[in-house]
Enquirer: 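My questions will all concern the structure given below.
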Amino acid sequence: MMMRLMDRKESPMAAKTDPQLSALRRVVLVANQKGGVGKTSITTALASLIADDTHRVLVVDADPQGNATGSDLGVVGDRGRSLMMALQYAEPLQVQQDVRPGLDLVCGGPFLAQVGALTATAAQTGLDLVANLRKTLADVCAEGGYTLVLIDSGPGDAPLLDALLRTARYLIVPTKDDDASLEGVELLARRYLMAKERDGAMLQLLGVVLFDANPRATARNGQVLEDLDSMLEGSGATCFKTMIRSDRAAALDLRAAHLTPVELVEATASASKARLARLSRAGRHRAEPDEVEQRLWSRDPVPLASDYQALARELLGRVAANERAASA
Ligand SMILES: Nc1ncnc2c1ncn2[C@@H]1O[C@H](COP(=O)(O)OP(=O)(O)OP(=O)(O)O)[C@@H](O)[C@H]1O
Ligand SMILES: [Mg+2]
């Protein structure tokens with residue numbers, strides 16, 4: 001059973017804070033300037049696992065690559081136009097409802113690549129990205145009553161990342177265990193502390209997640225987690241206990257077929273049933289190549305899906321603990 005967060009209506013925080021902060025209090029940013037460390041995979045997997053008929057979840061795809069929108073969720077979308085208009089003119093965000101049960105989406109895409117150019121002239125134009133993002137996101141949060149909002153951010157040191165760091169309530173940092181990815185964590189941890197000190201940002205680092213990890217490399221993983229925890233000292237956060245294991249076959253299927261981890265588990269189960277049925281109909285033990293299910297590479301995506309399930313539980317647990325601490 002997934003641990004559940006209190007409903008917004010029951011929150012002891014809501015009465016204490018201003019309406020905009022209250023609306024943004026379940027907004028989780030997934031970020032690391034380093035590319036390819038699992039930001040998008042983690043965002044969409046967690047969102048799909050937490051969302052259901054009674055717990056609505058919003059994914060905001062704030063990446064010009066639009067991988068969460070197109071590759072992972074298989075949505076055509078508006079190429080990031082609405083999010084761009086919200087950032088630039090505070091126009092209301094367009095939300096694609098129920099791209100999965102209980103899961104809504106603000107689409108990402110190439111329109112968001114214009115943010116950099118806009119910020120270069122912000123002093124002349126009076127553009128305030130942060131104010132626009134806070135306002136428009138708070139409006140959809142208040143309207144949608146989301147249990148959780150997950151923002152996927154792109155790689156690189158974009159001005160958009162700065163605005164996201166100043167809007168979200170929580171931060172999750174995925175990393176791989178190579179040196180370049182770990183340096184990315186250190187950079188972001190510094191940036192996080194700056195955002196907090198400089199603007200008193202409400203952002204709280206929830207933890208670092210090790211992604212694409214080898215579950216059998218226990219000594220190596222232990223060392224990496226220890227190094228990360230000492231890197232995070234002073235931030236009040238630690239690594240998540242759950243690691244997302246390496247599974248390239250499943251990763252290929254998730255993207256190519258636009259499946260969530262649970263959908264992939266179901267798809268491989270029905271694909272292998274169909275394969276067995278064909279084999280037994282043919283009355284032999286070997287299938288001809290064209291009879292073998294070619295569309296899915298993974299045979300057993302259950303361990304990967306279980307990792308995401310455990311991470312979702314940990315995430316909700318940490319958010320709940322923060323809310324308890326804040327209301328105490
Ligand atoms: N469990 C896994 N094991 C191995 N590779 C994976 C796994 N899950 C996803 N991948 C692959 O790792 C790559 C990076 O993942 P992902 O796109 O989620 O990272 P990202 O941080 O969002 O990247 P970017 O910085 O480009 O936005 C992708 O090719 C993805 O298919
Ligand atoms: Mg990504």
Side-chain angles (χ1 to χ4, degrees), residues 28-49 59-75 77 79-80 83 105-110 112-113 115 150-158 160-161 164-165 171-178 180-185 187-188 191 207-217 220-221 224 240 242-265 267-268 296-312:
V28 180
L29 170 64
V30 183
N32 185 339
Q33 289 109 307
K34 179 82 178 67
V37 293
K39 297 180 289 292
T40 304
S41 304
I42 289 171
T43 302
T44 53
L46 293 184
S48 68
L49 281 164
V59 166
V60 178
D61 182 353
D63 182 356
Q65 297 177 108
N67 293 144
T69 303
S71 309
D72 282 5
L73 295 169
V75 172
R79 298 161 44 85
L83 181 52
L105 173 70
V106 171
C107 300
L112 296 169
V115 174
L150 285 157
I151 308 182
D152 181 26
S153 56
D157 194 12
L160 181 52
L161 179 60
L164 296 170
L165 287 166
L171 171 66
I172 295 179
V173 185
T175 183
K176 291 192 190 180
D177 71 355
D178 62 289
S181 303
L182 295 173
E183 269 167 35
V185 178
L187 269 177
L188 194 59
R191 187 120 173 225
V208 173
V209 191
L210 200 54
F211 174 78
D212 194 9
N214 174 1
R216 280 177 302 234
R220 164 83 184 143
N221 292 338
V224 171
F240 285 95
T242 311
M243 288 173 240
I244 303 302
R245 76 191 56 215
S246 188
D247 185 340
R248 289 191 202 289
L252 276 173
D253 289 338
L254 289 168
R255 288 253 150 115
H258 317 305
L259 298 172
T260 66
V262 169
E263 289 168 349
L264 179 60
V265 168
T268 48
L296 296 176
W297 296 102
S298 44
R299 289 288 170 262
D300 185 13
V302 170
L304 177 63
S306 306
D307 288 348
Y308 281 122
Q309 187 93 36
L311 183 61

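Just follow the structure's listing: the first ligand is 1, and inside any ligand the first atom is 1. The analysis underlying the following values was restricted to heavy atoms, covering all of them including side chains, and did not include hydrogens, waters or symmetry mates.
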Enquirer: With heavy atoms of G36 as the reference, note each atom of ligand 1 found under 4.0 Å away.
Expert: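 Once the distances to G36 are compared, the set is 14 (C), 19 (O), 20 (P), 21 (O), 23 (O), 24 (P), 25 (O), 26 (O).
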
Enquirer: Okay, side chain of H258, backbone of S71: is any donor-acceptor separation there less than 3.5 Å?
Expert: yes

Enquirer: Is the Mg ion (ligand 2) less than 2.8 Å from at least one N/O/S atom of S41?
Expert: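 Not a single backbone or side-chain N, O or S atom of S41 is under 2.8 Å from the Mg ion (ligand 2).
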
Enquirer: Taking L83 as the fixed residue, which of L112, L160, D61 is the one that meets the side-chain contact (heavy atoms from CB on, under 4.5 Å) rule?
Expert: L112

Enquirer: Give a yes or no answer on whether the side chain of D253 reaches the backbone of W297 with a donor-acceptor pair at less than 3.5 Å.
Expert: yes

Enquirer: So which heavy atom in the protein is nearest atom 18 (O) of ligand 1, and how far is it from that ligand atom?
Expert: S41 OG, 2.5 Å

Enquirer: I'd like the name of whichever of A249, A251, G66, A213 reaches closest to atom 7 (C) of ligand 1 through any heavy atom.
Expert: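 Minimum heavy-atom distance to atom 7 (C) of ligand 1 goes to A251.
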
Enquirer: List the closest protein heavy-atom neighbour of atom 5 (N) of ligand 1: residue, atom name, distance to the nearest 0.1 Å.
Expert: R248 NH1, 3.6 Å

Enquirer: Do R255 and ligand 1 have an N or O pair less than 3.5 Å apart?
Expert: yes

Enquirer: Of all heavy-atom pairs between T69 and C107, which one has the smallest distance, and what is that distance?
Expert: OG1-CA, 3.5 Å

Enquirer: What is the closest protein heavy atom to atom 4 (C) of ligand 1, and at what distance does it sit?
Expert: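 The closest heavy atom on the protein side is D212 OD1, 3.4 Å.
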
Enquirer: Under 3.5 Å, N or O to N or O, is L304 touching ligand 1 that way?
Expert: no

Enquirer: With nothing but distance in play, are any N or O atoms of R245 less than 3.5 Å from an N or O of ligand 1?
Expert: yes

Enquirer: Is there at least one pair of N or O atoms, one from G154 and one from ligand 1, spaced under 3.5 Å apart?
Expert: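 No.
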
Enquirer: Within ligand 1, which atoms have a heavy atom of D63 less than 4.0 Å away?
Expert: 27 (O)

Enquirer: Near V37, which atoms of ligand 1 are under 4.0 Å from a heavy atom of that residue?
Expert: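 That gives atoms 19 (O), 20 (P), 21 (O) of ligand 1.
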
Enquirer: Just wondering, do S48 and Y308 contact through their side chains at under 4.5 Å, heavy atoms?
Expert: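 Side chain of Y308 against side chain of S48, heavy atoms only: no contact under 4.5 Å found.
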
Enquirer: Considering only the protein, which heavy-atom contact is closest to atom 20 (P) of ligand 1, and what is its distance?
Expert: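 Ranked first by proximity to atom 20 (P) of ligand 1 is K39 N, 3.5 Å.
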
Enquirer: Do any N/O atoms on Q65 end up under 3.5 angstrom from N/O atoms on ligand 1?
Expert: yes

Enquirer: What I want to know is whether T40 and ligand 1 share at least one N or O pair that is separated by under 3.5 angstrom.
Expert: yes

Enquirer: Is any side-chain heavy atom of V224 closer than 4.5 Å to a side-chain heavy atom of R220?
Expert: yes

Enquirer: Going through the checks in order, is the side chain to side chain donor-acceptor pair (under 3.5 Å) test met by S246 and N214?
Expert: CA-CA 6 Å; S246 188; N214 174 1; over 6 Å; no

Enquirer: Is there a side-chain contact between N32 and V208 (heavy atoms, below 4.5 Å)?
Expert: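 SC-SC contact between N32 and V208 ruled out.
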
Enquirer: At what distance is the nearest protein heavy atom to atom 2 (C) of ligand 1, and which residue and atom is it?
Expert: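 For this ligand atom, the closest protein heavy atom is D247 N, 3.6 Å.
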
Enquirer: Give me the residue, atom name and distance of the protein heavy atom closest to atom 8 (N) of ligand 1.
Expert: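 Answer for atom 8 (N) of ligand 1: F211 CZ, 3.3 Å.
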
Enquirer: Numbering the atoms of ligand 1 from 1, which are under 4.0 Å from a heavy atom of G35?
Expert: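 With G35 as reference, the close atoms of ligand 1 come out as 25 (O).
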
Enquirer: Tell me the protein heavy atom at minimum distance from atom 19 (O) of ligand 1, and give that distance in Å.
Expert: G38 N, 3.0 Å

Enquirer: Can you check atom 14 (C) of ligand 1: any protein non-hydrogen atom closer than 4.0 Å?
Expert: yes

